[in-house]
Structure formats: C-alpha cells, structure tokens
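Convention: sequence-line order gives letters A, B, ...; per-chain numbering from 1.
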Amino acid sequence: MMQVRLPDGSVVEHPAGTTVAEVLQSISARLAREAVAAKVNGEVIDLGTRLSGPQVELTALTLNDPEGLEVARHSCAHVMAEAVCALWPRTKLAYGPPVENGFYYDIELDHSLTPDDFLAIEAKMQQIAKENRPFRRCDMPRAAAMEKLRTEGNPYKIDNAQRADGDTLSFYVTGEPGTGHFEDLCRGPHVPSTGRIGAFKVMQVAGAYWHGDASKQQLQRVYGTTFPDKKALKAYLDQMEEARKRDHRKLGQELGLFFLDPLVGPGLVLWKPRGAVVRRVLESFILEELLKRGYQPVYTPQIAKLDLYRTSGHFPYYKDSQYPPIFESDIARKLNDLWEATTARGEADGFSRDEKRLIDEIGRAYPNVGQKLCEKKLQPGPGMGHHNQQVVRELLAESDGYLLRPMNCPHHIRVYASEAHSYRELPIRIAEFGQVYRYEQSGELSGMTRVRGFCQDDAHLFCTPDQLLDEVAGCVDMAKLVLHVVGLKDYRVRVGLRDDSDKYIGSAENWARAQEAVLAAVKSSGMNYAVETGEAAFYGPKIDFIVKDCIGREWQLGTVQVDYNLPERFDLKYIGDDNREHRPVMVHRAPFGSLERFIGILIEHLAGAFPLWLAPIQARVCSISAKSKEYAQWVYDVCRAAPLRVELDNSDERIGSKIRDAAMMKIPYILVVGEQEAADKTVNVRTREGKQYGNCALPQFLAACAVEIATRGEAAPGEADQTPPT
RNA sequence: GCCACCGUAGCUCAGUUGGCAGAGCAGCGGUUUUGUAAACCGCAGGUCGUCGGUUCAAAUCCGACCGGUGGCUCCA
C-alpha cells in the first residue's frame with residue numbers, strides 16, 4: 001500500500017498505481033470535482049497520473065490556486081490553438097506557454113489575425129470547451145515520436161522535441177487518440193478536460209521571432225488569458241482599464257505636463273511649464289543630496305568630436321543607436337568611413353573592398369589627403385589594423401565629425417584628466433544633469449519611458465581600488481533614497497554581469513575585479529537582488545533598480561556601474577603615496593536613471609496626484625462670486641509671495657465648477673474664498689480628494705504648507721492640519 | 001528595425017452600403033453672481049496625418065510615406 005499525505009497532515013492509503021483523481025475522489029467528491037491538477041512531491045502533475053512509491057505528498061490544485069490557474073492557462077492555450085487550427089487549417093503551431101496573467105501561442109499562418117478574428121476564435125473555443133473532451137497524455141519513445149513529428153512536418157515542433165530532455169516525449173490529445181482530435185507535443189500538465197479552462201478571452205496578436213531571434217522568421221503571437229470564472233476575468237479586465245487611466249502619456253496630456261511633437265521629432269520630450277516644475281524640484285532635491293555627499297557639479301557640452309567616442313569605444317560599436325555624426329566636410333565623412341572600414345577589418349590580411357574603394361575615392365577627390373595616406377603607410381597586411389586606424393585618425397584630427405553625445409562619461413573623464421590628481425583628492429565625484437541622445441529603434445519609443453533625448457542625473461566617481469566598495473555602497477544608498485523619497489516601494493534590484501559575448505571591452509582581470517566589487521557591494525547592502533548575466537554595460541557590470549509601469553512593463557531607473565576599462569582607454573592616472581602613477585577606478589551612477597523615465601513612472605505611481613512639494617500647482621484660489629474677487633486676488637498675491645505655486649480662478653463660473661476643474665487638475669489644495677472668508681481674513685481649505693478642513697487664517701495655512709513641503713510630506717502626510725478651532 | 005492595429009476641431013470621440021464633415025469639453029461673446037466635483041444662450045473652430053491612385057463622387061476603397069499604440073528584437 002501507498003501512503004498519501006495530504007496538506008492537513010492526514011494520511012490515506014491506496015494501492016500503488018491509483019490515479020490522483022481516484023485518490024481525490026476517495027477524500028471528497030467536491031475536491032475531485034474542483035481540482036484541475038495536483039502537486040505531488042512538489043511537482044505539478046495531471047489528475048490522471050498514476051501514483052507510486054511508499055509515500056507521496058499530495059495537494060489538489062483548483063483554478064483558485066496560482067499553480068492550478070497556470071495549468072488551466074496552459075490548457076487554454078491548447079484549446080485556442082485547436083480553435084485557430086480549425087478555422088485556418090494551414091496553421092503551424094510553434095510554442096504556447098502560460099505567462100504572467102495569461103498565455104500565448106506562437107503560430108505560423110499566412111493570414112494575419114486581426115481583432116475581428118478573435119470573436120470567431122473565442123466562439124470556436126467556447127464550442128471546444130462545451131464538448132468537454134478529456135486531455136489525454138500519450139507518452140512515446142523518443143525515436144518513434146521524432147519519426148511521427150517528421151512525418152507531420154512541423155519544423156517548430158521538431159525543434160521543440162529536439163530541445164526536450166528525456167527518453168520519452170509526451171503528446172496531449174484533447175479527446176480520443178486516433179480519431180483526429182487535436183493533438184500537440186507538450187510536456188504538460190493539463191486540466192482533465194476542455195471544459196475546465198475557466199473564463200477566457202483572446203486578448204491581442206503581435207509579431208514574435210522564433211526563439212526570440214530577430215534574424216529568424218517572425219511568427220504571430222496570439223495572447224489570451226483565462227480566469228477561474230467570468231467575474232474574475234471581468235475584474236482583471238476592469239483593473240487593466242483602470243490602470244490605463246494612470247498612463248503617464250494620458251495624464252501628461254490631461255495635466256499639461258509634457259508632450260511629444262512629431263514636428264520636433266519622435267522620442268524628443270517637450271516639458272511644459274507644469275512638468276518642468278516637477279523636474280526642477282526633483283533636480284533641486286538631488287542636487288542638495290549630491291552636495292551633501294561631496295559631489296562636484298560640472299557643465300559639459302552635449303556634443304563632442306567623434307574621436308572622443310572612438311577612444312571610449314561608443315563609436316562605432318553603438319553606431320546604430322546614435323544619431324548619425326555631423327560632418328563639416330565631405331573628406332571628414334570619407335575618412336571616417338575609411339576608419340570604420342579599417343576597424344571592421346581588424347587585423348585580417350588585405351584591404352577590404354570598402355577600404356580599397358574609399359582609398360581610391362579619397363585619392364581621386366583629395367589628392368593631397370591621398371598622398372598623406374601613402375606617406376603614413378596605410379598597410380594592407382595582417383596585424384596592421386591598429387596602425388591603420390591610427391593613420392586615419394591622425395588625418396581626421398584636422399577635420400573630424402561631431403557626435404551628439406550618447407553618454408556623459410567621456411566628457412567627465414576629460415574633466416578629470418584636465419589636471420593631475422593626487423591620491424589625497426580621491427574620490428573625485430563629478431556630477432551633471434547630462435542631456436544625452438540615443439537613436440532608439442522606432443518601435444521602442446514609448447512616451448517618456450523610452451525616448452531619444454533624455455537627461456541623466458549622472459555622475460562619475462574616480463577612486464582608488466581601496467575606495468571602490470565604499471563608493472559603490474554610497475551610490476546604492478542614494479538610489480534607494482530617491483525611490484524612498486517619492487514612495488516608490490515596488491522595485492527590484494538586478495545585478496548585471498557579463499556573458500561570454502564579444503560586445504564587452506577590457507581584460508578578463510578587469511571584469512573579474514569589477515564584478516567582484518559589484519557583488520560585494522550589493523551583498524553588504526542587504527537588498528534582495530537577482531544576478532543576470534549578459535546584462536552588464538559594455539565597459540562594466542552594474543546594479544540596476546527596476547520598476548513596473550501601469551501596464552506591467554519593467555523599466556530600469558537607477559543604476560550603479562563599476563568600470564575598470566574606460567580609465568584604461570583614456571589612460572587616467574593619479575599619483576599614489578608612493579609617488580608613482582596609478583590607475584583610478586570609475587563608478588558610473590544615476591539614481592533616477594533619466595529624469596524623463598523617472599518622472600513618467602512617478603506620474604503613473606501617483607496617478608498624477610503629486611505630493612505638495614512636487615505638485616506643479618500647489619493651490620488654487622477659487623472665489624465664490626464677484627463680490628469676493630478682490631479678496632481672492634489678495635489671497636493669491638500673498639500665497640505667491642510666500643512662496644507657494646498658486647493659481648487664481650476668478651472666473652464667473654459657479655464654485656462647484658471651479659472646484660471640479662481644480663480637482664481634476666490634481667491641485668493639492670483648493671482655497672475657497674467668499675464674503676465670509678473676506679470678512680475674517682481666512683481661506684476655506686479643501687483637498688483635491690474632497691476632504692474639507694474648514695476655515696483657516698491664511699498665515700497658518702501657509703505655515704502648514706511650508707512644513708509639509710520642507711518634510712516632503714513625511715511629517716504629516718497630506719494634512720495641512722493646523723486648522724484652528726473656529 | 002519587424003508584425004499587427006490606429007490617425008476626423010486644442011482635447012475626448014461619432015460618422016451607416018463611397019453621396020453637402022458632427023457632438024461633448026476647452027476657447028471666444030453674452031446672460032447669470034453663484035458656498036464645495038459640470039449654470040444657461042450664442043459664436044467660432046477641421047487641407048478628415050501626408051502624398052499618390054481608383055471613381056461622376058473618397059474621411060470612407062487601394063498603395064506609399066509620416067506619426068502613435070501593443071508585442072517582438074534592442075537598450076552604453
């Protein structure tokens with residue numbers, strides 16, 4: 001006999017080979033009816049699985065268990081696939097897993113699915129669900145299964161099978177095997193029958209590359225979701241709709257914070273006066289922190305000679321995501337092309353076709369430059385790459401192109417290098433709200449969260465290897481501080497290390513040291529973090545702070561990066577206590593990341609209702625009638641001089657309308673003033689949420705605001721509560 | 001960059017099978033003088049994203065481009 005231990009600790013006995021469903025039936029008919037799968041010894045399995053072993057731990061899973069729902073979503077993906085195949089028999093199925101909040105199925109189909117098709121798909125799915133056919137698992141020896149798949153000729157399934165582990169492959173038939181019912185290669189597990197997949201909906205369709213590889217064929221990814229019942233599905237859809245109301249693009253428009261103008265260019269943010277206030281206040285806040293922590297603000301240009309980025313390695317490696325360089329002359333452009341061609345060849349033997357063509361073109365159009373190329377001995381031979389690049393760079397120095405800066409670090413490095421440094425000065429922390437430009441792919445642009453021009457609250461720290469850990473820890477601390485101050489609590493920390501791809505610069509030793517430092521710092525910070533390889537910057541590993549937007553997409557905000565490589569590329573030095581030259585280590589860090597992205601996320605987090613210290617307009621004075629206009633004007637003047645960011649509504653509208661307008665603009669305090677307030681020199685305070693504080697002498701209101709602003713709302717959150725008893 | 005969808009007044013959106021371009025809000029002018037989330041009347045406002053094509057006739061059908069949205073890929 002086999003002992004089956006249940007979650008409540010009780011044990012039931014059954015002969016080995018009893019199915020999960022039979023065990024559940026013996027315990028409770030209701031449990032057997034509601035279960036969609038089970039967890040046995042920690043593994044989620046079908047209800048039809050036969051149990052074995054002297055002892056098993058068994059937990060039934062229903063649609064209300066997250067793991068049960070995940071099984072149902074996976075099964076729902078099968079049902080959707082069957083529906084699509086029934087409607088478009090040419091469909092080739094690729095891959096259909098459950099994901100957070102639903103599932104998808106990648107398919108190859110010459111007909112592009114549109115939202116109009118969703119109804120037909122759902123109708124077919126309903127029919128399949130109604131038929132309530134069983135999901136039957138069929139295990140086959142690998143060889144036979146592969147043979148079967150080859151006969152069927154679906155390359156994606158063959159590929160999936162080749163990637164699967166084990167000697168047997170499993171198929172799931174929804175219905176009876178051999179009767180033409182839908183069948184799919186799948187590891188399972190699944191719900192017992194197609195009637196058990198809950199309340200579902202086909203959500204959207206999108207392109208997706210096979211294996212996520214942009215060079216491979218693009219498939220159609222059909223997204224769907226399912227919930228335990230219609231009510232839960234509706235609740236989810238309502239919640240999604242509610243979340244979209246917080247979208248920073250929508251609120252940015254409604255609250256007049258910022259806009260993007262096609263005439264200016266995609267991904268280029270224009271901050272309107274109200275959005276500019278939020279940014280300016282946040283900048284002031286961070287600037288104050290920087291000064292407290294010994295940072296030295298600088299100003300540097302937003303453009304620089306291309307050669308600066310040849311040295312740093314940004315160019316041409318990230319050429320595709322930079323605005324094209326600006327060349328003052330044709331010869332500069334041609335020489336740069338030649339440099340790129342030479343760089344592309346590397347140390348290989350023989351001029352490439354591009355090199356030959358360019359040398360020829362330059363020789364013909366600019367004989368004197370061509371002659372110089374000869375004199376300085378541009379070489380076709382192997383191992384001459386570096387020499388050739390230097391030859392071209394020397395000639396380019398006379399008339400180089402300019403690049404809109406994609407990063408601030410090269411400029412800050414030049415600031416550091418502009419004078420000699422002693423170890424006594426270190427660490428040197430150079431800070432700047434640095435505007436950068438990156439030519440992001442058009443499909444990536446998104447409101448303020450992914451843009452082509454943005455401002456980083458950037459700084460570069462130059463320190464000795466001994467100081468590195470403390471400096472990194474200090475940066476991590478500051479990144480945590482900014483999130484705390486604005487109340488962004490829901491974030492995760494990612495440690496990005498390198499993988500073995502060739503996109504990274506610098507030596508293995510440098511990388512090892514840098515990664516060690518990053519890991520040590522993050523460990524000592526006591527934060528939860530996830531290490532992800534392949535997520536490092538090209539010059540070094542990093543610690544990123546990541547948050548989600550209103551529709552669940554993740555965005556990197558703050559970042560701290562350790563860099564041994566750029567100091568080497570720029571040959572940075574300091575004089576040590578041994579009177580010899582040493583190489584400093586760099587830390588790149590930006591606690592906000594970019595002001596654009598940070599504020600975009602912040603708008604969503606706050607649903608546009610900024611706390612008093614950040615609110616673009618902190619109060620609006622609303623007069624009740626023409627009789628109180630003059631007093632309202634006086635209140636407004638006093639508030640503005642306080643200073644408070646205040647507006648005056650002296651229109652002829654009714655007070656209800658004025659309050660509605662102010663509340664919809666999410667102005668924290670609405671000061672209602674009528675004849676009564678004018679008589680006793682008070683303001684009647686109410687909040688955008690509708691809370692009424694009653695009458696209050698104006699100086700008292702202003703004093704309360706000053707406290708709330710100075711403490712950034714932490715002293716008495718949202719309460720200007722100094723309302724005197726009246 | 002790729003796939004799909006969308007683009008009508010400052011904003012949010014209607015616009016049937018191709019047949020004179022509409023509403024609400026905002027704006028402007030009046031009337032109203034108001035007590036805590038929308039007073040009333042009137043006026044004005046649009047090359048229907050752009051360019052090309054089909055047609056007697058295009059906001060509507062077709063194509064290209066521009067811009068936006070969702071996803072994929074990318075993200076120093």
Spacing of the [atom1] atoms in [M] and [N] (rounded, Å):
| N | M | atom1 | result |
| --- | --- | --- | --- |
| G22(B) | G45(B) | P | 13 Å |
| A57(B) | C20(B) | P | 15 Å |
| U32(B) | A38(B) | C1' | 16 Å |
| U8(B) | U12(B) | C1' | 12 Å |
| G15(B) | A9(B) | P | 15 Å |
| G63(B) | G71(B) | C1' | 26 Å |

Between [N] ([atom2]) and [X] ([atom1]): distance, integer Å:
| X | N | atom1 | atom2 | answer |
| --- | --- | --- | --- | --- |
| Gln676(A) | U33(B) | CD | P | 21 Å |
| Asp549(A) | U69(B) | CG | P | 12 Å |
| Lys216(A) | G1(B) | NZ | P | 23 Å |
| Phe118(A) | G70(B) | CZ | P | 15 Å |

Donor-acceptor pair under 3.5 Å: do we get one between [X]'s side chain and the base of [N]?
| X | N | result |
| --- | --- | --- |
| Arg654(A) | C40(B) | no |
| Glu677(A) | G35(B) | yes |
| Arg221(A) | C3(B) | no |
| Ser657(A) | A37(B) | no |
| Asn684(A) | U36(B) | yes |
| Tyr209(A) | G1(B) | yes |

Using only side-chain N and O atoms of [X], determine if any of them is under 4.0 Å from OP1 or OP2 of [N].
| X | N | value |
| --- | --- | --- |
| Lys250(A) | G68(B) | no |
| Ser321(A) | C75(B) | no |
| Thr114(A) | A4(B) | no |
| Lys658(A) | U36(B) | no |
| Arg660(A) | U36(B) | no |
| Arg249(A) | G70(B) | yes |

Inset, instruction - Could you walk me through whether Arg492(A) and Glu532(A) pass the salt bridge (charged side-chain N to carboxylate O under 4.0 Å, His left out) test, one step at a time? - result: CA-CA 12 Å; Arg492(A) 70 182 187 93; Glu532(A) 292 180 33; 3.3 Å; yes
Legend entry - Pi-cation contact, Tyr104(A) with Arg221(A) (under 6.0 Å, within 45°):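 The answer is yes, since Arg221(A) meets both limits relative to Tyr104(A).
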Inset, instruction - Name all residues meeting the side chain to side chain contact (heavy atoms under 4.5 Å, CB included) criterion together with Glu647(A); count only those two or more places apart in sequence or in a different chain, and write none if there are none. - result: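 Glu647(A): side chain to side chain contact (heavy atoms under 4.5 Å, CB included) contacts with Arg274(A), Ile617(A), Arg620(A), Ile667(A).
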Legend entry - Approximate separation, where rounding is to 0.5 Å, of Asp571(A) CG and Leu566(A) CG: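 The distance works out to 13.0 Å.
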Legend entry - For C51(B), the Watson-Crick or wobble counterpart (both distances under 3.5 Å):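 Pair assignment: C51(B) / G63(B).
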Inset, instruction - Please examine the side chains of Tyr156(A) and Asp106(A), heavy atoms only from C-beta on, and report whether any two atoms are closer than 4.5 Å. - result: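 Asp106(A) does not reach Tyr156(A) side chain to side chain.
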Legend entry - 5' precedence on RNA chain B between Ser442(A) and His314(A) (nearest-nucleotide basis):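 First, find each residue's nearest nucleotide; the 5'-ward one identifies Ser442(A).
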Legend entry - Earlier contact from the 5' end, RNA chain B, for Glu440(A) and Val205(A):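 It is Val205(A) whose nearest nucleotide is closer to the 5' end.
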Legend entry - Ring centroids of Phe538(A) and A76(B) base under 5.5 Å with planes under 30°: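 By the stated criterion, Phe538(A) and A76(B) do not stack.
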Legend entry - Check: Thr311(A) main-chain N/O paired with Arg569(A) side-chain donor or acceptor under 3.5 Å: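 Yes; judged by distance alone, with no hydrogens or angles, the pair exists.
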Inset, instruction - Answer with base, sugar-phosphate or nothing: what part of the nucleic acid does Ile670(A) contact at a heavy-atom distance below 4.0 Å? - result: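 Result for Ile670(A) = nothing.
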